[in-house]
Protein chains: 2
Amino acid sequence: MTIKQSITLADVATKAGVSKMTASRALRGTGDVSKANVELVRRAARDLGYVGNHLATSLSSQRSVLVGVVVPSLTNIVFAEVLSGIANALEGSGKQAVFGVSDYDPDTEYDVIRNMLSWRPAGLIVTGLEQSADTLKLLRNAEVPVVQIMDLDGDAVDACVGISHAEAGHTMASALLAEGRKRIAYIGCGLERDTRAAKRFRGFKNALIDEGIGLAGERIETGPSTIAVGRALTAQLLADQPDLDCIYYSNDDLAAGGLFHCLSANIDVPGTLRLAGFNGLDLVDSLPKGVATTRTPRREIGIAAARIILDVENGANPPRRVAYTPEIHMP
Amino acid sequence: MTIKQSITLADVATKAGVSKMTASRALRGTGDVSKANVELVRRAARDLGYVGNHLATSLSSQRSVLVGVVVPSLTNIVFAEVLSGIANALEGSGKQAVFGVSDYDPDTEYDVIRNMLSWRPAGLIVTGLEQSADTLKLLRNAEVPVVQIMDLDGDAVDACVGISHAEAGHTMASALLAEGRKRIAYIGCGLERDTRAAKRFRGFKNALIDEGIGLAGERIETGPSTIAVGRALTAQLLADQPDLDCIYYSNDDLAAGGLFHCLSANIDVPGTLRLAGFNGLDLVDSLPKGVATTRTPRREIGIAAARIILDVENGANPPRRVAYTPEIHMP
DNA sequence: GCTGGTACCGATACCGGTATCGGTACCAGC
DNA sequence: GCTGGTACCGATACCGGTATCGGTACCAGC
């Protein structure tokens, strides 16, 4: 799209009868400009409907107002909440978040990050600690603060904010064992791309093995983890193994689906069968019968990540690792 | 953030032993450059880790690669799906979506749109047909294609894509009446800011009045519409009016909450009480007992809006109004 | 009357690219 | 040998701002 002829600072300056430079200073409120001229310039800008050009400002001043954020999915409420936290933390700072979606695909992630870097952002927030070698190189050479979020199990390029998913899986296993569950199965989807879910699963499985119990069954599928899929997989698993007393899911959506199956099948939850998910979604709080879950501080993670970028900007020396402890909720 | 000294096209050109202009042409694949030089430039760029500068490119070429998108909320899955559709439709076009969130606040919306315009986008996609006078002025003067999405009930600044919410409410009322429901109540949240929900409500109410039935009760609250709120309001409403045989909600989340209450209270749904929501979320499909809903083509709306921007860009003359007919689902 | 400081302002260069125009080398064709 | 076309390339100006430097006017102080 060719940008239409629009009002520039030069037009404003001409109308106000001052130089471009004075108009620039007047509108930004920097430097010495007489009150009379500030008023003239402001009026001219308003009358002309002048809208500044960030492209020119950023290029000229060598300052960036953008913070690039890369998440694997937008339609997952978890990442939407992270974004929301980032946007809130950035409010009033003069910085603006730009979002990119990787669709859980490493090549797409590379492209998205490269594209973000071409806007010369003030910082980059990316999801997870696992990136392709090319992407890592890009991030290391970026010369801007990079915050990796959601995960702590691994090495960060620069800074990271999140929780340990291995630990989250382990803790849930302990809680379920403490509740007296013995025949525990697992249902998960998309572990091949969702490395954090895979880490939870490993932490969970290892905890059971350490206790000498082991996993009583598992159902792992590729593809998205939706309520409907959770329902179907639960039905399948229970058809094979009706004696289970607990199912751990890779997330709350699957667990909610599991609960809906149990409601239809008249299975007592959590009496006969305990279900457990992950995330602590609103959905789970509202379910008629409780599903255990691990609450994750999604907004807080977004806020903390944004703060790190702002702090670096302001010359402060923010922490390189912000760890949250997920909280188990077992109604 | 001061942008660190980074590799520029001049560096690449020097390393490749050609002029900036030839390097520029080589990397963009435009104009006449000898194969040998293309290879030299590409290699130099790769070796130096050159990442182009969109700021400079856009400013210089007077071409924009950004499409600004303003939605009221990110944590509402409905808008997340719209964004997802937009992002997909833009893929491969060289355009990139930038998202802004208005939080349902007209002043914030103005600021967000103004901010977007300062990036000189190729087009703007904004939610809804109701904007403040200042915002409308901004949009009209924008000199870029503006697509208003989600709603058709009103006048568009430029183009619009969506459904008629008044009609959606009306249609649902007809369907519920056709099912034999007689004592129909309404539960809604945040109608003061969600003008589309308010339009559905009016359409619904008017349809009932036309049939000489009228609304048997209503519970309208400010604030967010979550599953938990839907559950609480349903409990309250039914405590006052236990004889209702139908409740229409402003959306699916509230309706799901209503269903969860009914499950706890052992109310037969939809036998004794029919619940109806709006949106057609995955959630509803998976609920143990059906809740009626109106499916909205969210991804399609996003795709159609993005296509309009791209079409205008390409000199085509896209439709100014794309209407979808929502489909009622009544399990 | 001269000096020095303050308030205010503008000329100029520059950010990192691309559009545009024109130039050179080379070869085919007569 | 001259002409005209093609392939290829670079100089220059420019996009719309801001950083930087220096200049002028004016007044206080001695």
Side-chain angles (χ1 to χ4, degrees), chain A residues 1-41 44-45 48 50-66 94 115 117-122 143, chain B residues 1-41 44-45 48-66 94 117-122 143:
Chain A
M1 171 90 201
T2 301
I3 295 171
K4 299 272 176 49
Q5 197 55 34
S6 63
I7 308 294
T8 70
L9 186 62
D11 299 322
V12 174
T14 302
K15 182 165 171 101
V18 298
S19 71
K20 257 173 71 179
M21 209 49 234
T22 296
S24 170
R25 282 194 272 247
L27 290 178
R28 282 180 297 151
T30 65
D32 295 322
V33 186
S34 67
K35 281 193 173 172
N37 273 341
V38 169
E39 189 47 40
L40 277 172
V41 171
L48 293 172
Y50 173 69
V51 177
N53 186 329
H54 268 325
L55 259 23
T57 299
S58 298
L59 184 62
S60 166
S61 68
Q62 299 286 86
R63 258 168 243 285
S64 171
V65 300
L66 295 176
N115 194 45
L117 285 175
S118 68
W119 290 102
R120 299 295 186 263
E143 315 255 23
Chain B
M1 170 88 202
T2 301
I3 294 171
K4 298 273 176 48
Q5 198 52 38
S6 64
I7 308 295
T8 70
L9 186 63
D11 299 322
V12 174
T14 303
K15 184 167 170 100
V18 298
S19 70
K20 259 172 72 180
M21 209 49 234
T22 296
S24 171
R25 284 193 270 246
L27 290 178
R28 283 180 296 152
T30 65
D32 295 323
V33 185
S34 67
K35 281 193 174 173
N37 274 340
V38 169
E39 189 46 41
L40 277 173
V41 171
L48 293 172
Y50 173 69
V51 177
N53 186 331
H54 268 324
L55 259 24
T57 299
S58 297
L59 183 62
S60 165
S61 68
Q62 298 287 86
R63 258 167 243 286
S64 172
V65 300
L66 295 176
L117 285 174
S118 68
W119 291 103
R120 300 292 186 267
E143 316 254 24

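Proteins get letters first, then strands, A, B, ... in listed order; numbering begins at 1 in each. The structure presented is a predicted model; accordingly, all values stated were derived computationally and were not measured.
- Here the side chain of B:S58 pairs a donor or acceptor atom with the backbone of B:H54 at under 3.5 angstrom.
- Not one side-chain nitrogen or oxygen of B:Y50 sits closer than 4.0 Å to the OP1 or OP2 atom of C:dG16.
- Residues B:T8 and B:N53 are not in side-chain contact: their nearest non-hydrogen atoms beyond the backbone lie 4.5 Å or more apart.
- Between B:R120 atom CZ and D:dC15 atom P the separation is 14 Å, expressed in whole Å.
- Between the side chain of A:T22 and the backbone N or O of A:V18 there is no donor-acceptor pair closer than 3.5 Å.
- Taking atom CG of B:L27 as the reference point, atom P of D:dC9 lies 13 Å away to the nearest angstrom.
- When the P atom of D:dG10 is taken as reference, atom CG of B:L9 falls 12 Å away, rounded to whole Å.
- A close approach under 4.0 Å does occur between a side-chain nitrogen or oxygen of A:T22 and OP1 or OP2 of C:dG10.
- Residue A:L59 has its side chain nearest to D:dG16 when only C:dT18, D:dG16, D:dG10 are considered.
- Taking atom CG of residue A:L117 and atom P of nucleotide C:dG17, one finds them 14 Å apart after rounding to whole Å.
- With hydrogens and angles ignored, no donor-acceptor pair closer than 3.5 Å exists between the side chain of B:R63 and the base of C:dG17.
- Nucleotide C:dG10 has D:dC21 as its partner under the Watson-Crick or G-U criteria, with both atom distances under 3.5 Å.
- The shortest distance between the side-chain N/O atoms of B:S61 and the OP1/OP2 oxygens of C:dG17 is not below 4.0 Å.
- In this structure, B:G17 and B:A56 both approach DNA chain D, and ranking their closest nucleotides by distance from the 5' end singles out B:G17.
- In the set C:dT18, C:dG10, D:dT18, the nucleotide with an atom closest to the side chain of A:R25 is C:dG10.
- Residue B:N53 contributes atom CG, which lies 12 Å from atom P of C:dC15 at whole-angstrom precision.
- Closest to the side chain of A:R28, out of D:dT18, C:dC9, C:dG10, is D:dT18.
- At C:dG17, none of the side-chain N or O atoms of B:S60 fall inside 4.0 Å of OP1 or OP2 (strictly under the cut-off).
- A side-chain donor-acceptor contact under 3.5 Å links A:S118 to the backbone of A:N115.
- Listed nucleotides C:dG17, C:dC9, D:dG16 differ in distance to A:V33; the shortest reach to its side chain belongs to C:dC9.
- When distances run from any side-chain atom of A:S24 to the nucleotides D:dG17, C:dT18, D:dT18, the shortest one goes to D:dT18.
- Between the side chain of A:T57 and the base of D:dG17, no donor-acceptor pair under 3.5 Å is found.
- Taking side-chain N and O atoms only, B:Q62 has a distance below 4.0 Å to OP1 or OP2 of D:dG16.
- Between B:D32 atom CG and D:dC8 atom P there is a gap of 6 Å when expressed in whole angstrom units.
- With rounding to whole Å, B:D11 atom CG is found 13 Å from C:dG17 atom C1'.
- Judged by Watson-Crick or G-U wobble contacts below 3.5 Å, the nucleotide D:dC27 has C:dG4 as its partner.
- Considering only heavy atoms from C-beta on, B:T14 stays 4.5 Å or farther from B:D11 through its side chain.
- Ring orientation note: the planes of B:W119 and A:W119 are nearly perpendicular, at an angle over 60° on the 30°/60° scale.
- Rounded to a whole Å, the CG atom of B:N37 is 8 Å from the C1' atom of D:dC9.
- Looking at A:K20, its side chain comes within 3.5 Å of the base of D:dG17 through a donor and an acceptor atom.
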